[in-house]
Amino acid sequence: MSSAEQPMTLMELAKKQGKAKVAVAAKVENAILDLSRPAPENGVVRWLTPADPEGIEIVRHSTAHVMAAAVKELFPEARITIGPAIENGFYYDFDVETPFTPEDLGRIEERMGEIVRADLPITREEVSKEDAMQRFPGEPYKEELLADIPDNTVSLYKVGDFLDLCRGPHVPSSGRVSAYKLMNTAGAYWRGDSRKRMLTRIYGCAFATKKELDAHLALLEEIKKRDHRKLGKELDLFSVNEEIGAGLILWHPKGAVVRRIMEDFWRDEHARAGYDMVFSPHIAKLDLWRVSGHLDYYRQSMFGSIEVEGQDYQLKPMNCPFHIQIYKSRMRSYRDLPVRYAELGTVYRYEPSGTLHGLLRVRGFTQDDAHLFLRPDQLDEEIYTLLDFTLFVLRRFGFDRYDIYLSTRPEKYAGTLDNWAKAEAALKKALERKDLPYRVDPGEGVFYGPKIDIKIKDMLGRSWQCSTIQVDFNNPERFDATYVGEDGAEHRAIMIHRALMGSLERFFGVLLEHYAGSFPLWLAPVQVDVLSVTERQIDFAREIVAALRAAGFRAEGDYRNEKLGYKIRESQIQKVPYALVVGDREKAQRQVAPRRRGGEQLPPMAPAEFMEILRGEMDKPTT
RNA sequence: GCCGACGUAGCUCAACGGUAGAGCAGCUGAUUCGUAAUCAGCAGGUUGCCGGUUCAAUCCCGGCCGUCGGCUCCA
């Protein structure tokens, strides 16, 4: 190509290739570029469209700019800060005297629509940092951002009259932004720093098509319907009570049934897996936490101490020191190891009031905790077994999709490099031996050891971090937990700290949303409703209820003077897996007419036959 | 903890500077009914708590408690 010719832009190349309508940017040698940039001489480009993950990210980012443009027109006094693309959409933070109201959002969205319809070009220019400084009068946040940019050249983007400092890239014109919706406002600290000024953030979602946007809004509706706080109230499972205190959970009888079943299952399986159950008190001398190191590292998450007869006591934020003391209560031989102590231990942690959230974030909760004391040579096998056990437990609760993370040594760490290397290798080996895909989170381990975190995925594909397996070099050291080896000398034990469900409260909340309140049979608080059609069948219905209960099922009778449809509806709304209809016909035949929760009707059958169906369903993690 | 919104009957929600209303649930009665709501009547609230402004506050203002959306935090 001769130098006299005007170099062709990517946009022009896109036109030639018939891609101008769909392309929002181009990928050239791994760099994502605006279409206004020159096309490469060899002409090798990959066009990015809103259907590409990278393409939609650009659209989302540009939508944030369009929104900022609308905000600056309607609220010229608003100071602009940053506005990135995020999952499903974007946000933009503004510094305004009074935060935006929902009505403001409506006006902003309307103005955005006008900008989109006008299809204004979004232009890019490169200027020196000094020049850029002159271009943002009265925008202190932009000045601050500029000052922090190491390069001498920066890029500016313009939509209509709205100029923003931005790395880009952006879509070529505002008309390419289409399916979006402003969602809500929120406070957010400048640069995420709680010491800095609180800004007003506007969240929006944006998609490639209206259809995807609608699907996303439908998903949000579904999430709302499954909200464990709403279901907890509707199904009478639990409550939080202002008079008791924020973040403290009351388990109602039906919720308590589910919890008891979860606990029973947990205890049985742990006993089978070679764990010993222990119990420990809710408070202990403050000094214990000084020894464990929690006081130094995590004091801000602990409740204040309680003075008793001149001694400070502390509500426990963890169970580990207790288990260590049990371990230390006598001499341990290498033959005794591994020692596995498990406890459903209730702990109390101070969480800032603004972070509390139903069952998912509370101040008092029960960990399905265990501490394993091992010899170094047992680490590999133990972790492998533990991983297997964890996945088995999760599967029982209907979770068979997960993301696994291996967190390695952070900058600030306790223990020896040699131990860290061994522990990380053991964790890695176990994951690979189980053929589990995982991601490494470098430096994200706890100061006392590396860990495996398992994030389960629920029915809606949302991730929840519940299980954690942590190697701990710190506590055996601090508490001097040892065993006598074959050589007769004392050796330092290695500890594994692990929780499978994490917190029972939280796991129950996740389960509730996972199943949308429709618990599988084995967990359902009420498994069978027996419904009499008229009062003529009450005696027979009572008999059925008694028989079911005698067989170990959780059955309730509804003998009220109501129509069948009314009772069915109530049973359905309460998400009871089975309703047994008992009318004159059934009574005469000594049969029941089962109806499944979803509406499916089974043929009338003998009670014994129905119980066989129940038994066949008891070990199913989903229904 | 920070920013914003909210707090009215058991639940879901309405109304208003002049001491509040509906539906569902509850209770009573009638109805005896076949797979998602039978009808009628009755009862139910110091409008989260404390203080202030006002002739008068549930409504306006302040503080506290709690809830919600975020931020921060999360051993």
Side-chain angles (χ1 to χ4, degrees), chain A residues 91 93 95-96 98-102 104 183-203 224 227 229-230 233-234 236 239-248 289 292-302 317-320 347 349-358 360-363 367 445-449 451 465 468 470 472 474-475 497 499 502-503 506 529 531-538 560-574 579-586 593-602 604:
Chain A
Y91 68 78
D93 287 344
D95 186 358
V96 284
T98 46
F100 304 109
T101 64
D104 291 338
M183 304 304 287
N184 55 334
T185 60
Y189 300 112
W190 168 235
R191 299 196 147 177
D193 185 338
S194 58
R195 290 163 305 188
K196 297 215 160 92
R197 192 169 159 80
M198 178 68 72
L199 307 170
T200 300
R201 174 171 298 180
I202 302 178
Y203 280 99
K224 230 181 190 173
D227 191 313
R229 295 164 299 187
K230 183 170 171 276
K233 199 179 276 181
E234 287 170 2
D236 197 16
S239 61
V240 281
N241 182 321
E242 185 174 340
E243 295 179 40
I244 285 167
L248 303 169
W289 311 106
S292 72
H294 290 114
L295 208 52
D296 301 334
Y297 284 86
Y298 310 109
R299 177 172 234 149
Q300 82 281 0
S301 297
M302 289 162 60
M318 310 206 94
N319 303 304
C320 29
V347 296
R349 299 179 183 179
Y350 167 74
E351 303 284 356
S353 58
T355 64
L356 300 173
H357 182 92
L360 302 182
R361 194 67 186 271
V362 295
R363 284 179 175 162
Q367 285 185 312
V446 195
F447 72 93
Y448 52 66
K451 61 172 179 172
Q465 144 100 65
T468 185
Q470 308 177 345
D472 183 349
N474 183 55
N475 273 308
H497 172 120
S503 135
R506 186 177 138 88
D529 272 332
L531 316 178
S532 57
V533 177
T534 74
E535 61 188 18
R536 288 191 300 278
Q537 304 91 29
I538 292 179
R560 289 176 301 174
N561 182 8
E562 294 289 353
K563 287 169 120 171
L564 180 61
Y566 181 90
K567 298 182 184 182
I568 294 266
R569 177 183 149 82
E570 206 147 277
S571 178
Q572 172 85 33
I573 287 173
Q574 286 298 306
L580 295 187
V581 173
V582 175
D584 284 335
R585 289 200 295 271
E586 286 74 20
R595 177 192 192 275
R596 285 214 167 97
R597 175 160 59 188
E600 180 197 353
Q601 263 176 260
L602 275 52

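Applying the side chain to side chain contact (heavy atoms under 4.5 Å, CB included) test to A:Gln367 and every residue at least two apart in sequence or in another chain returns A:Asn319, A:Val347, A:Arg349, A:Phe365, A:Asp369. In terms of the side chain to side chain contact (heavy atoms under 4.5 Å, CB included) criterion, residue partners of A:Lys196 (sequence neighbours excluded) are, by chain and number, A:Trp190, A:Asp193. Looking at residues two or more places apart in sequence or on another chain, you find a side chain to side chain contact (heavy atoms under 4.5 Å, CB included) between A:Ala593 and A:Val581, A:Glu586. By the ring-ring contact (aromatic ring centres under 6.0 Å, His included) test, A:Tyr91 is found to be paired with A:Tyr203, residues two or more places apart in sequence or in another chain being considered.
Atom CG in A:Leu356 sits roughly 14 Å away from atom P in B:C2 (whole-Å rounding). Between A:Glu562 atom CD and B:A25 atom C1' there is a gap of 12 Å when expressed in whole angstrom units. The CD1-P distance, from A:Ile538 to B:G34, rounds to 16 Å in whole Å. Summarising the geometry, the separation between CE on A:Met318 and C1' on B:C74 is reported as 11 Å, rounded to the nearest angstrom. Atom P of nucleotide B:G10 and atom CG of A:Asn241 are separated by 13 Å, given to the nearest angstrom.
Of the candidates B:C73, B:G70, B:U38, B:G70 carries the atom nearest the A:Ala186 side chain, counting heavy atoms from C-beta on. Closest to the A:Arg349 side chain, of the nucleotides B:A75, B:C33, B:A37, is B:A75. Here the nucleotide nearest the side chain of A:Asn184, chosen from B:G69, B:A75, B:C71, is B:G69. Residue A:Ile573 places its side chain closer to B:A36 than to any other of B:G70, B:A36, B:C65. With distances taken from any side-chain atom of A:Ala246 to the nucleotides B:G34, B:U72, B:G66, the minimum falls on B:G66. Comparing B:G1, B:A75, B:U35 against the side chain of A:Ser301 picks out B:A75 as the nearest. Set against B:G70, B:U32, B:G26, the side chain of A:Glu535 has B:U32 as its closest nucleotide. Of the candidate nucleotides B:A75, B:U72, B:U35, B:A75 has the atom nearest to the side chain of A:Met302. Taking every side-chain heavy atom of A:Tyr566 into account, B:G26 is the closest of B:G26, B:U12, B:U32. Side chain of A:Val446, nearest nucleotide from B:A75, B:G69, B:C11: B:A75.
A sub-4.0 Å separation between OP1 or OP2 of B:G69 and a side-chain N or O of A:Arg229 is present. Remark: A:Lys233 is in phosphate contact with B:U12, judged by side-chain N or O atoms under 4.0 Å from OP1 or OP2. Checking the phosphate oxygens (OP1, OP2) of B:G1, a side-chain nitrogen or oxygen of A:Ser353 falls inside 4.0 Å. Between A:Arg361 and the phosphate of B:C73, there is no side-chain N or O to OP1/OP2 separation shorter than 4.0 Å. For B:G69, one of the phosphate oxygens OP1 or OP2 lies less than 4.0 angstrom from a side-chain nitrogen or oxygen of A:His357. Between A:Tyr203 and the phosphate of B:C71, there is a side-chain N or O to OP1/OP2 separation shorter than 4.0 Å.
Judged by closest nucleotide on RNA chain B, A:Pro99 is the one of A:Pro99 and A:Gly358 placed further toward the 5' end. The 5' end of RNA chain B is approached more closely, in terms of each residue's nearest nucleotide, by A:Met198 than by the other of A:Met198 and A:Val533.
Separating the C1' atom of B:U72 from that of B:C3 is a span of 11 Å, rounded to the nearest Å. With C1' as the reference atom, B:C71 and B:C13 are 31 Å apart, rounded to whole Å. Across B:G41 and B:U35, the matching P atoms stand 28 Å from one another, rounded to whole Å. On the C1' atoms, B:U8 is 8 Å away from B:A20, given to the nearest whole Å. Nucleotides B:C11 and B:U67 are separated by 15 Å at their P atoms, to the nearest Å. Taking atom P on both B:A15 and B:C6, the two are 13 Å apart, rounded to the nearest angstrom. Taking the C1' atom of each, B:G18 and B:U47 are spaced 16 Å apart, rounded to whole Å. A gap of 16 Å separates the P atoms of B:A9 and B:C50, to the nearest Å.
In this structure, A:His497 and A:Cys320 have side chains that are in contact, with non-hydrogen atoms separated by less than 4.5 Å. Side-chain contact between A:Ile202 and A:Phe100: present, with at least one pair of heavy atoms (C-beta onward) separated by less than 4.5 Å. Taking 4.5 Å as the limit, every side-chain heavy atom of A:Ser301 sits out of range of all side-chain heavy atoms of A:Tyr350. Residues A:Leu602 and A:Arg595 form no side-chain contact, since every pair of their non-hydrogen atoms from C-beta on lies 4.5 Å or further apart.
Using a 3.5 Å distance cut-off with no hydrogens or angles, the side chains of A:Glu535 and A:Ser532 do not pair a donor with an acceptor. Using modelled atom types, one finds no donor on one side chain facing an acceptor on the other under 3.5 Å when comparing A:Gln601 with A:Arg596.
If you check every strand for non-hydrogen atoms under 4.0 Å, A:Gln470 touches sugar and phosphate atoms only. Residue contacts shown for A:Ala593 include a base, since a base heavy atom lies under 4.0 Å away. Residue contacts shown for A:Gly354 include a base, since a base heavy atom lies under 4.0 Å away. Among the heavy atoms of the strands lying under 4.0 Å from A:Asp584 is at least one base atom, whether or not backbone atoms are also near. In this structure, A:Arg536 reaches the sugar-phosphate backbone alone: every heavy-atom distance under 4.0 Å involves primed, P, OP1 or OP2 atoms, never a base. Nucleic acid contact class of A:Gly565 (heavy atoms, under 4.0 Å, all strands): sugar-phosphate only. Counting non-hydrogen atoms under 4.0 angstrom, A:Pro102 reaches nothing in the nucleic acid. Heavy atoms of A:Phe447 sit nowhere under 4.0 angstrom from any nucleic acid atom.
When base pairs are accepted only as Watson-Crick or G-U wobble with both N-N or N-O distances under 3.5 Å, RNA chain B takes part in stems of 3 or more pairs at B:1-7 with B:65-71, B:10-13 with B:21-24, B:26-30 with B:38-42, B:48-52 with B:60-64.
For A:Asp529 and A:Lys567, the salt-bridge test fails: no basic side-chain N is under 4.0 Å from an acidic carboxylate O. A salt bridge does not link A:Arg229 with A:Glu234: none of the charged nitrogens is closer than 4.0 Å to a carboxylate oxygen.
Checked by distance alone, A:Tyr189 brings a side-chain donor or acceptor within 3.5 Å of a matching partner on the base of B:G1. The base of B:G34 sits with one of its N or O atoms less than 3.5 Å from a complementary donor or acceptor on the side chain of A:Glu586. Judged by distance alone, with hydrogens and angles left aside, A:Arg595 brings a side-chain donor or acceptor within reach of the base of B:U35, the pair sitting under 3.5 Å.
Here the closest non-hydrogen pair linking A:Ile244 and A:Leu248 is O-CD1, 3.8 Å.
The residue from A:Arg361, A:Arg506, A:Arg363 that alone fulfils the salt bridge (charged side-chain N to carboxylate O under 4.0 Å, His left out) condition with A:Glu351 is A:Arg361.
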Polar pairs (N or O, both sides) under 3.5 Å between protein and nucleotides 60-64 of chain B?
none

